[in-house]
Number of protein chains: 2
Amino acid sequence: MKNNLKVERAIHNMTQADLAECIGVSRQTINAMEKNKYVPSTVLSLKIAKRFKKPVETIFFLEDDD
Amino acid sequence: MKNNLKVERAIHNMTQADLAECIGVSRQTINAMEKNKYVPSTVLSLKIAKRFKKPVETIFFLEDDD
DNA sequence: TCTTTACGTAAAGTTTGTTTTACTTTTGAG
DNA sequence: CTCAAAAGTAAAACAAACTTTACGTAAAGA
């Protein structure tokens with residue numbers, strides 16, 4: 001799975017720490033997500049999508065190997 | 001978080017086992033999701049949404065305590 | 001240059017997702 | 001009613017998410 005987090009943060013002018021605080025996780029969690037270190041839970045992706053006012057599918061994408 | 005999985009399965013006339021096989025998890029995983037035993041990963045919710053041809057947000061819902 | 005802010009990263013530890021096996025209960029068709 | 005399919009459940013084991021602490025680097029401004 002890939003994601004657009006970095007771009008969305010840029011659009012909304014937020015740091016990793018801002019986003020982390022906003023959705024209630026650690027900054028390292030946001031960083032690890034952006035670097036594709038792991039797949040977040042559905043609660044996290046729903047929260048992030050809600051924060052950015054976009055569907056989950058426009059921020060997180062399945063890849064062939066998923 | 002809540003979800004509509006049972007309803008969606010009914011609409012598509014699928015058993016838990018059908019859905020499990022289709023997205024590559026065990027039947028117990030589907031069952032546990034329906035019974036709100038845990039929060040699935042974003043890869044799973046994306047796959048399920050794709051299978052049912054609906055946005056993730058129409059199948060999985062944040063609740064106040066999320 | 002010194003300091004601050006943002007980002008990257010890593011290790012250890014806790015929590016939670018997911019599988020496997022296996023058994024019970026419910027439901028629907030015949 | 002009876003049998004089979006579907007759903008519910010549970011425990012043990014393993015994998016992955018997530019936290020905390022902590023340190024390194026680069027950029028930008030005073």
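Numbers restart at 1 for each chain; the letters A, B, ... are given by sequence-line order, proteins then strands.
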Worked verdict on T15(A) versus E21(A) for side chain to side chain contact (heavy atoms under 4.5 Å, CB included): CA-CA 10 Å; T15(A) 68; E21(A) 188 188 6; over 6 Å; no
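Rounding to whole angstrom units, CE of residue M33(B) and P of dG8(D) are separated by 13 Å. For K35(A) and dG8(C), the NZ to P distance is 5 Å, given to the nearest whole Å. A straight line from CG of L19(B) to C1' of dA7(D) spans 14 Å, rounded to a whole angstrom.
A 4.5 Å side-chain heavy-atom check between M14(A) and E8(A) finds every atom pair outside the cut-off.
Among the atoms of the strands shown, only primed sugar atoms or phosphate atoms (P, OP1, OP2) are found under 4.0 Å from some heavy atom of S41(A). The residue T15(B) sits close only to the backbone: its heavy atoms come under 4.0 Å of sugar-phosphate atoms, none of a base. Across all strands, T29(A) comes closer than 4.0 Å to base atoms (heavy-atom distances).
Of all nucleotides listed (dC7(C), dT19(C), dC18(D)), dC7(C) comes nearest to the side chain of N31(A).
One cannot find a donor-acceptor pair under 3.5 Å joining the base of dT5(C) and the side-chain atoms of Q16(A).
Annotation: of the two residues near DNA chain D, G24(A) and R27(A), the 5′-most nearest-nucleotide partner is G24(A).
At the phosphate of dG8(D), OP1 or OP2 sits under 4.0 Å from a side-chain N or O atom of K6(B).
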